[in-house]
Amino acid sequence: MTVRTRFAPSPTGYLHIGGVRTALFNWLYARRHGGTFILRIDDTDAERNVEEALEPILSGLKWLGIDWDEGPGIGGPHAPYFQSQRSAGHKAAVEKLLASGHAYRDFAKPEELDEERKAAQAAGKPYLYSRRFAAFTPDDAARFVAEGRQGVVRLKMPREGSLVIDDAVRGRVEFAWEREQDHVIQRADGSCLYHLASVVDDHDFEISHVIRAEEHLSNTPRQAYIALSLGYPLPAYAHLPLVAEPGSRTKLSKRKLAQYLKNPDFRQMADHGTRIAERIGVAAAADTFNPVIVDFYREVGYLPWAIDNAMALLGWAYDDKTEFFSRDELVAAFSLERINASPASFDPKKLWSVQDHYMHALSTDEKLALMLPFLVKAELVSGPPTADQTATVRRVIEASGDRLKVSGDILGYADFFLLEEPVLDPQAVAQKLAKPGVADLLARYAAKIAAITPFEPGPLEEATKAFVAEAGLKLGDVIHPVRVAITGKTVGPGLYDCLAILGASKSIARIDRAREVAG
């Protein structure tokens with residue numbers, strides 16, 4: 001069988017983490033079997049479509065390396081790849097279903113349907129439409145139209161028997177037809193609903209495997225009925241486990257940010273990202289900038305493959321120990337059989353550890369290429385950076401080591417080297433500088449290191465330890481106030497690296513200025 005999978009997002013919002021997992025699994029399965037991965041935009045719901053949300057979906061997938069073989073921007077033999085542009089085929093399918101008796105025109109009013117529903121509820125029976133306003137003949141339709149009624153098209157669902165599918169994730173799944181409503185497939189205005197359009201498009205695109213989220217499982221009976229009634233072969237189905245909230249079995253939602261922020265790990269991730277976003281002028285509004293949306297990770301400076309690797313582990317595992325995969329390794333290892341049907345909880349801590357693993361593996365040059373754009377956005381370096389700025393940032397990256405967890409972290413470690421004067425943190429000043437005797441200590445320390453040559457970490461460390469011994473102090477008594485004096489902060493690269501990167505003249509000038517606020 002030629003494998004053809006698809007990811008078919010609706011442009012009703014930004015790219016969700018759960019959507020990424022679905023796209024990734026479809027992409028992996030197609031790549032694993034030498035097949036074709038298709039991107040289709042299911043934009044039949046004109047009222048909910050958000051035009052500005054389409055670009056983040058496309059660019060987000062590209063950033064993650066989830067490339068498509070057919071779809072927007074590429075084309076292909078089954079174009080167009082926007083569902084709204086395929087309405088002629090959808091309407092033709094509706095006419096075929098009407099002609100074969102698998103669908104009918106219905107002229108019931110909403111209040112009449114509601115009356116039937118309430119009656120069934122009062123009787124303690126499951127609701128099934130009586131079809132008393134169904135038009136099975138042209139004369140019936142004419143009579144209802146004469147009454148001023150508007151008609152829709154409904155599926156004439158079976159009332160006996162069942163549908164059985166062999167789901168690649170869930171095994172044998174059976175649906176009783178008697179529980180299925182006569183679903184509407186075409187509105188009164190002639191537009192077709194998603195379920196009809198999706199089935200027709202999947203057939204036209206020759207989709208072999210429908211790999212989608214668990215919440216679509218309940219849609220399978222009506223969609224299978226449409227396909228079988230049109231004479232289409234059914235695709236293979238694989239319904240993926242929910243991407244659940246942290247520590248829960250409830251679906252992860254971008255609208256519940258306030259609730260998720262009660263989780264300490266989620267809060268830490270969100271706050272960390274927001275601080276970076278504020279430095280580069282990215283709006284940190286809850287509806288567009290939160291860790292449930294892919295744009296969050298791109299703007300903050302996560303590595304795209306770290307996101308892919310972490311998403312692959314949401315409901316799938318190769319074994320009980322392997323966590324990290326290269327792109328080729330993951331393609332070779334992936335299979336539907338290894339997907340677990342249970343909800344997969346989104347774990348910020350796990351994602352953070354995967355990101356840390358891949359960031360740690362990067363060379364200084366690779367980190368430099370990723371981090372310089374953040375410094376340009378924050379206007380800490382020019383665009384393009386000068387040779388001196390690039391050299392300084394390189395030294396900061398080397399000195400910061402594993403402290404840089406995402407690319408945006410460079411903003412908090414390089415700023416005091418690139419600014420003419422550091423911005424003194426008031427709390428750091430109160431804790432480390434505004435104390436009796438610190439001004440004199442700084443003056444003596446500046447005199448001690450002024451003549452050191454070369455002004456590099458080794459000699460600076462040796463001189464500092466000698467100074468501490470001579471003064472009868474503890475090392476921390478000197479390191480902490482000097483750090484705040486030259487960087488304005490209590491955290492950052494090692495003190496000796498900071499002094500060396502700044503150079504002798506800048507370091508001593510900053511120490512002298514800090515004496516003015518010291519106790």
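The model shown is predicted, which means the values in this text are computed figures rather than measured ones.
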message: Looking only at the side chains, is there a donor atom on one of Ser363 and Glu366 sitting less than 3.5 Å from an acceptor on the other?
response: yes
message: I'd like to know if the side chain of Gln355 reaches the main chain of Leu303, judged simply by a donor and an acceptor atom lying under 3.5 Å from each other, with no hydrogens or angles considered.
response: yes
message: Could you check whether any side-chain heavy atom of Arg86 comes within less than 4.5 Å of a side-chain heavy atom of Asp201, counting everything from C-beta outward?
response: yes
message: Less than 4.0 angstrom from a charged side-chain N to a carboxylate O is my criterion; do Glu215 and Lys251 meet it?
response: yes
- request: Report yes if the side chains of Tyr358 and Asn309 come closer than 4.5 Å at any heavy-atom pair, otherwise no.
  value: yes
query: Between atom CZ of Arg212 and atom CZ of Phe7, what is the distance when rounded to the nearest 0.5 Å?
result: 13.5 Å
task: Would you kindly say whether Asp319 and Thr322 are connected by a side-chain donor-acceptor distance under 3.5 Å?
output: yes
message: Restricting to non-hydrogen atoms, name the atom on Leu375 and the atom on Val393 that form the minimum distance, rounded to 0.1 Å.
response: CD1-CG2, 3.5 Å
- prompt: Hey, what do you get for CG (Leu54) to CG (Leu15), rounding to the nearest 0.5 Å?
  reply: 11.0 Å
field: Met269 side chain near Lys349 side chain, heavy-atom distance below 4.5 Å
entry: no
field: Within residues 466-488 or reaching into it, pairs that qualify as salt bridge (Lys or Arg N to Asp or Glu O under 4.0 Å) - sequence neighbours excluded
entry: Lys448-Glu470
- prompt: Is the Trp316 to Tyr29 ring centre distance short of 6.0 Å?
  reply: no
field: Point-to-point distance, once rounded to the nearest 0.5 Å, from CG of Leu362 to CG of Leu404
entry: 11.0 Å
query: Does the pair Arg267/Asp271 count as a salt bridge with the N-to-O cut at 4.0 Å?
result: yes
statement: In terms of heavy-atom contacts, Leu411 and Ala378 come closest through CD2-CB, 3.6 Å
message: Quick one: does any side-chain atom of Thr487 pair with a main-chain N or O of Lys489 as donor and acceptor, under 3.5 Å?
response: yes
statement: Tightest non-hydrogen contact, residues Val294 and Val20, listed as CG2-CG2, 3.1 Å
Salt bridge Arg395-Glu456, side-chain N to carboxylate O under 4.0 Å: yes
statement: NZ of Lys62 to CD1 of Ile57, rounded to nearest 0.5 Å, is 12.5 Å
Step-by-step ring-ring contact (aromatic ring centres under 6.0 Å, His included) determination, Trp352 to His272: CA-CA 11 Å; Trp352 185 256; His272 175 249; 5.2 Å; yes
message: Are Pro246 and Asp265 packed together at the side-chain level, in the sense that at least one heavy-atom pair is separated by less than 4.5 angstrom?
response: no
query: If you take all heavy atoms of Ser400 and Pro493, which pair is closest and at what distance?
result: OG-CG, 3.5 Å
field: Flag side-chain contact, heavy atom, 4.5 Å: Arg279 against Arg275
entry: no
message: Does atom NZ (Lys256) have a neighbourhood of more than 12 heavy atoms from anything else shown, all under 6.0 Å?
response: yes
query: Taking C-beta and beyond as the side chain, do Pro241 and Ile339 meet within less than 4.5 Å on heavy atoms?
result: yes
Verdict with supporting geometry, Gln83 and Ser198, side-chain contact (heavy atoms from CB on, under 4.5 Å): CA-CA 8 Å; Gln83 202 167 68; Ser198 182; 4.3 Å; yes
query: So, Asp69 side chain and Phe37 main chain: donor-acceptor pair closer than 3.5 Å or not?
result: yes
query: Do His33 side-chain atoms and Gly35 backbone N/O form a donor-acceptor pair below 3.5 Å?
result: no
- request: Would you mind reporting whether Arg170 and Leu217 have side-chain heavy atoms less than 4.5 Å apart?
  value: yes
field: Main-chain N/O of Ala258 paired to Lys262 side chain as donor or acceptor, under 3.5 Å
entry: no
Could you pull out all donor-acceptor pairs under 3.5 Å where a side-chain atom in residues 494-509 meets a protein atom, sequence neighbours excluded?
| residue | atom | partner | partner atom | Å |
| --- | --- | --- | --- | --- |
| Ser507 | OG | Leu499 | O | 3.3 |
| Ser507 | OG | Gly503 | O | 2.8 |

Side-chain donor or acceptor of Arg403 paired with backbone N/O of Ala399 under 3.5 Å: yes
message: Ring of Tyr302, cation from Arg298 - is the NZ or CZ under 6.0 Å from the centre and inside 45° of the axis?
response: no
query: What about Phe334 and Tyr318, are their ring centers closer than 6.0 Å?
result: no
message: For Gly488, is there any backbone N or O sitting under 3.5 Å from a side-chain donor or acceptor partner on Asp425?
response: no
field: Heavy-atom side-chain contact between Val406 and Tyr297 under 4.5 Å
entry: no
- request: Go through Met359 and Ser407 one step at a time and tell me if the side-chain contact (heavy atoms from CB on, under 4.5 Å) criterion holds.
  value: CA-CA 9 Å; Met359 182 63 79; Ser407 296; 4.0 Å; yes
query: So Val292 and Phe346, side-chain contact (heavy atoms from CB on, under 4.5 Å) or not? Walk me through it.
result: CA-CA 9 Å; Val292 179; Phe346 174 69; 5.9 Å; no
field: Electrostatic pair Glu323-Lys350, nearest N-O below 4.0 angstrom
entry: yes
field: ring pair (Phe, Tyr, Trp, His ring centres under 6.0 Å) against Tyr445, all qualifying residues, sequence neighbours excluded
entry: Phe467
- prompt: With a 4.0 Å cut-off, would you call Arg394 and Glu398 a salt bridge?
  reply: no
query: If you take all heavy atoms of Leu24 and Ala312, which pair is closest and at what distance?
result: CD2-N, 3.7 Å
Spatial distance of atom CG (Leu252) from atom CZ (Arg21) [nearest 0.5 Å]: 10.5 Å
field: Spacing of Thr250 atom OG1 and Glu245 atom CD [to the nearest 0.5 Å]
entry: 4.5 Å
message: Donor-acceptor pair, distance only, cut-off 3.5 Å: does the side chain of Ser248 make one with the backbone of Ala244?
response: no
Chi angles and distances behind the side-chain contact (heavy atoms from CB on, under 4.5 Å) call for Arg4, Ile38: CA-CA 7 Å; Arg4 290 175 62 83; Ile38 299 162; 3.1 Å; yes
- request: Could you go through the side-chain hydrogen bond (donor to acceptor under 3.5 Å, both in side chains) check for Ser84 and Asp43 one step at a time?
  value: CA-CA 6 Å; Ser84 61; Asp43 55 347; 2.8 Å; yes
Shortest non-hydrogen contact from Pro56 toward Tyr14: CG-CE2, 3.3 Å
query: Does the pair Arg6/Asp202 count as a salt bridge with the N-to-O cut at 4.0 Å?
result: yes
message: Could you check whether Arg327 pairs with Asp308 (Lys NZ or Arg NE/NH1/NH2 to Asp/Glu carboxylate O, under 4.0 Å)?
response: no
query: Going by atom types only, do His78 and Asp204 share a side-chain donor-acceptor pair under 3.5 Å?
result: no
- request: Look only at the side chain of Arg32 and the backbone of Ala332, and say whether a donor-acceptor pair between them is shorter than 3.5 Å.
  value: yes
- request: Determine whether the side chains of Asp328 and Ser326 contain a donor N or O and an acceptor N or O closer than 3.5 Å.
  value: no
- request: Please test Thr392 against Gln389 for side-chain hydrogen bond (donor to acceptor under 3.5 Å, both in side chains), starting from the C-alpha separation and ending with a verdict.
  value: CA-CA 5 Å; Thr392 296; Gln389 288 173 332; over 6 Å; no
